[in-house]
Structures are given as structure tokens and as C-alpha cells.
> 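One structure coming up, written as C-alpha cells, with questions to follow.
Every number for a ligand or one of its atoms is a count from 1 in the order of the listing. FYI, side chains are in, hydrogens and waters are out, and symmetry mates aren't considered; it's all heavy atoms of this structure.
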Amino acid sequence: MTNPFEDEDHTSPRRARAAREYVPDLGNPDLYRTDARFAMWRDYAVADEPVWSEPGSSPHGFWSVFSHEACRRVLAPSAPFTSEYGMMIGFDAETPDRAGGRMLVVTDGDHHTRLRRLITPFLSRTNATTLDQFIDAEVRKCLSEAVRAGRVDVAMTVGPRLPAAVVCEILGVPPNDRERLVELTNHAFGGSDGTFDKMTPSEAHSEILMYFYELVERRRSAPGDDLVSTLLSDGRLSVQDVLFNCDNVLIGGNETTRHSITGCFHALSTVPGALDRLRADPALIRTAVEEVIRWTSPAMHVLRVATEEVEVSGRVLPAGSPVVAWLPAANRDERVFPHPQRFLLDRQPNKHLGFGNGPHHCLGAALARAGLAALLRVLVEQVRSITLTGPPEWLRSNLTQGYLHLPVELDPM
Ligand code: HEM
């Protein structure tokens, strides 16, 4: 099978110019279903000029940046941008997100700092030995089933299982409710158009929020040491604010992590002898984890709105301009990452923007890294090699670079 991730010829000035002259609606999710997106992102990153998308997928249009430098600057702590109107294509100063100023990822300033302080202990690894053990046990459970089966669609099995279980653990979902919640979560974030229990994905998401509403009521009368109880005990958050922030952790923990886990299998399959190298030198697991995040870049874009007139890559944009940073493009910027299409187990330095940059840098980064490190450790123990048995099928999404299907064969040790 050909490897679409092999390096292609460097972008010619002619192609970069053509990329500037014709601009599709970059919010169109169909653009991201094929590997053609990599060449498109590379051309825009090389040109390194803000690109305007006319109203379409977004009611008022938006600017885009692609190079590592431009994305890093737009997201930097001191940059004159806000997340409070929303952080996805579709939101801007004229159509703000109703969670703005209430949900961590779309809140700035002091309230953002306070929310981050409340949530951080649950997602950082510093006091999480039990969480590490939980992650290790879950990885072993999922992987043993997959290795026994031999041929699996990772995007439907291992990928989704682990994050859903970890998020339930963090949020304090009682064991009896887990199976149902994991199923609902998989349906809500699986990216499939099918139905589960007669529900569409968005109905499954609403069902989860209803479940959290009941959990909040239960925790009010019987608090525990989980995130829901901690958010309630702050005393300054309404029930709706607590729900918004549970939802933030639910989405943050599920939407991206499942695709980095699935993508880890994909990445390893592109490098002959990758698992043998990790077996011979387990110290490579640390650099391999970073490379999985860079290479898979599941968070595809983040949006900001300019709070004042601002210069972005040589162009002056007025206050109120929505600007989208395309993280996978930045993570394959050839000025920063030599042979960016290649998955290199020992890539160093690896200053990727997979977890964003600045004040909203991913709060679950340590947890995501811990999950991937556990996965690699168990893969090294149990699997000799990974072979794709069909081409990957990509999600139809402008927000998540992820897999609908990834069929593989696992050769057991
Ligand atoms: C924020 C990516 C895993 C929770 C972010 C942001 C990115 C990101 C790019 C910044 C958003 C922005 O700037 O607007 C990823 C990737 C992951 C991952 C690629 C896995 C490979 C997780 C996990 C959790 C989580 C496992 C929790 C269980 C959050 C939260 C925020 C966030 C709460 C908001 C932080 C803030 O606004 O201060 N993530 N994430 N993420 N992520 Fe993650």
C-alpha cells in the first residue's frame, strides 16, 4: 500500500502563488476528508499570509493562518485576541458562543484563571498515581481484546474506549453508570452518521448533559472528591456553569484523544520495525509520544477574535476580526520540522502546537501524554508489528482531524 505521508516535492513558488489566488471556503468539512489537505496546508504555510474565507461555513467569513510562527503568535499570552466569542469556525463577534465567559475554553481573564485552578488538579498528573494505574489497566483491557481479535478497526475499538473511560473516572461517574456513559460518549463523538438507541450523535450529547444534570443534583446532597463536587463547592458557579465545564472536559477529553490513539497505530504502521526499535530502546517512548501528537494533530483549528487592530503576518486586521489558526498546518511547517510528513520516533526538538499555545494550552495534555505512553508500553509488550489492512477513512470535520475507520492487523508477540 502506498504511504500518503511520505515527503513529496517541496512546494514550488508557482503552487504557493496559486494557493493565494484561489481560496475555497476553508470551513468546508469536505476539504478534510482526503489527504489533499496536507498539500493545501503546506502551500498556505509556505506563503505565510493571512487567507480570507468568504461567508459560507461561517456566517461572516474569517481569516486563517497556517505557519508555525503565525499560529504561535495569534495564540500567544499577550496577543490582542479573545476566545470569549467562541473558539470554532461559525462563531465571531456577531454570533457569539452562548458558553462564552462561562466555559473554561471560551473564557478569558480572571474567571478563566479561577476555573483553570479548580479543574487543574483533576487533569494534572502530579497527584495521579491511581489515575496512572487506572489508565494502564484500561489500556491492557482494550488492547488484549484487539490483539486476540487480530484484525480490528482501531477507530471503532481501542481509540474511543480509553478516553471515554478516563473522562468518566475524572468526572466521578459511578461504576454502575459507566458502560452506558461510555456508549453514549462514543456515539456522541464517534463522527458516525448512524444512530445508537434511536439517537443521533447530538441527541446522545444532550442525553449525556441530562445525565450530568442528575449527577450534579446527587453530588449536591452527597459530595465526593470528584470534579463535579469541586466545581459545586466553589459556590460561585451556577448549575449551568458546572454543566458547561463538565461538558468542556468531556469534549476536550474525548474529541481529540481518541484520534491520537487511533493515529498512533497509523503512525507506527508507516515505519518498518517501529515497535522493535521501541522495544530495544524504551527511552524513545517519550519522544514518540510527542511525535504522535504532532503527526496526528487531532485539534484541527482554534479561532480567536481580535480585540484591537492587529498585524498578522504582514497584514493589518481590524478589531473584531475572527482569525483561525490551523494547528496541523503549523505542525507540518517545513521551516520548523524537517521532513514534516514523516513520523520520526526520535524527533527532537519537537515544538509542536498540537495542544495549542498560551493561556488556553490544553489542560488535559499530561493526561493525553500518559494515555499514549501507556499505549506504547503495552503495544511494545504485546504486539510485534502493525499493518494497515485498508486505507484510513477520515472524519468529515473542520474541527477534528480524525479517523472514521482505521483497519489494521496486529501481529502478536
Ligand atoms: C484545550 C488539544 C486532550 C481538556 C485544548 C486546546 C487544544 C487541545 C489545541 C486549546 C484550545 C484553544 O486554544 O482554544 C488536545 C489534544 C488532545 C487533548 C490534541 C489529545 C491528544 C485533552 C484531554 C482533556 C482535555 C484528555 C481532558 C480530559 C482540555 C481543556 C481545555 C483544552 C479543559 C481548555 C483549556 C483552557 O481553555 O484553559 N486541548 N487536547 N484535552 N483541553 Fe485538550
> Give every protein N, O or S atom lying under 2.8 Å from atom 43 (Fe) of ligand 1, naming each by residue and atom.
C362 SG

> What do we get for L372 next to ligand 1 when only non-hydrogen atoms under 4.0 Å count, side chain, backbone, both or neither?
neither

> Against heavy atoms of L327, which atoms of ligand 1 measure under 4.0 Å?
9 (C)

> Relative to atom 36 (C) of ligand 1, which among M103, M87, R116, R258 owns the nearest non-hydrogen atom?
R116

> Where on H259 is there a heavy atom closer than 4.0 Å to ligand 1, on the side chain, on the backbone, on both, or on neither?
neither

> Is there a donor-acceptor contact under 3.5 Å linking the side chains of N254 and T185?
no

> Select one of side chain, backbone, both or neither to describe which atoms of I293 lie under 4.0 Å from any atom of ligand 1, heavy atoms only.
side chain

> Does any N or O atom in H112 lie less than 3.5 angstrom from one in ligand 1, N or O only?
yes

> Is it true that E290 and R369 have a side-chain N and a carboxylate O under 4.0 angstrom from each other?
yes

> Take R161 and E179 through the test salt bridge (charged side-chain N to carboxylate O under 4.0 Å, His left out) and record every step on the way to the result.
CA-CA 10 Å; R161 266 321 308 160; E179 199 51 37; 3.3 Å; yes

> Which ligand 1 atoms does L367 reach within 4.0 Å, using its non-hydrogen atoms?
28 (C)

> Can a side-chain donor-acceptor contact be found between T113 and D110 if the only test is distance below 3.5 angstrom?
no

> For V302, counting its heavy atoms only, list the atoms of ligand 1 lying under 4.0 Å from any of them.
11 (C), 12 (C), 13 (O), 14 (O)

> Quick one: look at V105 and ligand 1, take heavy-atom pairs under 4.0 Å, and tell me if it's side chain, backbone, both or neither.
both

> What verdict does the side chain to side chain donor-acceptor pair (under 3.5 Å) test give for R37 and Q401, after you've listed the backbone C-alpha separation in whole Å, the side-chain angles of each residue and the deciding distance to 0.1 Å?
CA-CA 10 Å; R37 67 186 182 279; Q401 171 164 246; 2.7 Å; yes

> Under 30°, 30 to 60°, or over 60°: which ring-plane class applies to W326 and F66, parallel, tilted or perpendicular?
parallel

> For D177, is there an ion pair with R180 - N to carboxylate O distance below 4.0 angstrom?
no

> If you measure from the Lys or Arg side-chain nitrogens to the Asp or Glu carboxylate oxygens, is any gap between E145 and R148 under 4.0 Å?
no

> Could you say whether the N/O atoms of H360 and ligand 1 ever approach to under 3.5 Å?
yes

> Within a strict 4.5 Å, meaning less than it, do heavy atoms of the L171 and D226 side chains meet?
no

> Show which atoms of ligand 1 fall inside a sub-4.0 Å distance from at least one heavy-atom site of G354.
2 (C), 9 (C), 19 (C)

> Between D281 and R277, does any side-chain N to carboxylate O distance fall below 4.0 Å?
no

> Do the rings of W41 and Y32 sit parallel, tilted or perpendicular, given the 30° and 60° boundaries?
parallel

> Any idea which protein heavy atom is nearest atom 13 (O) of ligand 1, and the distance to it?
R304 NH2, 2.6 Å

> Need the ligand 1 atom indices (1-based, order shown) with element for anything under 4.0 Å from a heavy-atom of P359.
38 (O)

> Pick from V74, V324, D92, V106: which one makes a side chain to side chain contact (heavy atoms under 4.5 Å, CB included) with L303?
V324

> Distance to 0.1 Å, residue and atom name: give those for the protein heavy atom nearest to atom 21 (C) of ligand 1.
S260 OG, 3.4 Å

> Tell me if the aromatic rings of H68 and F337 count as close, with their centers under 6.0 Å from one another.
yes

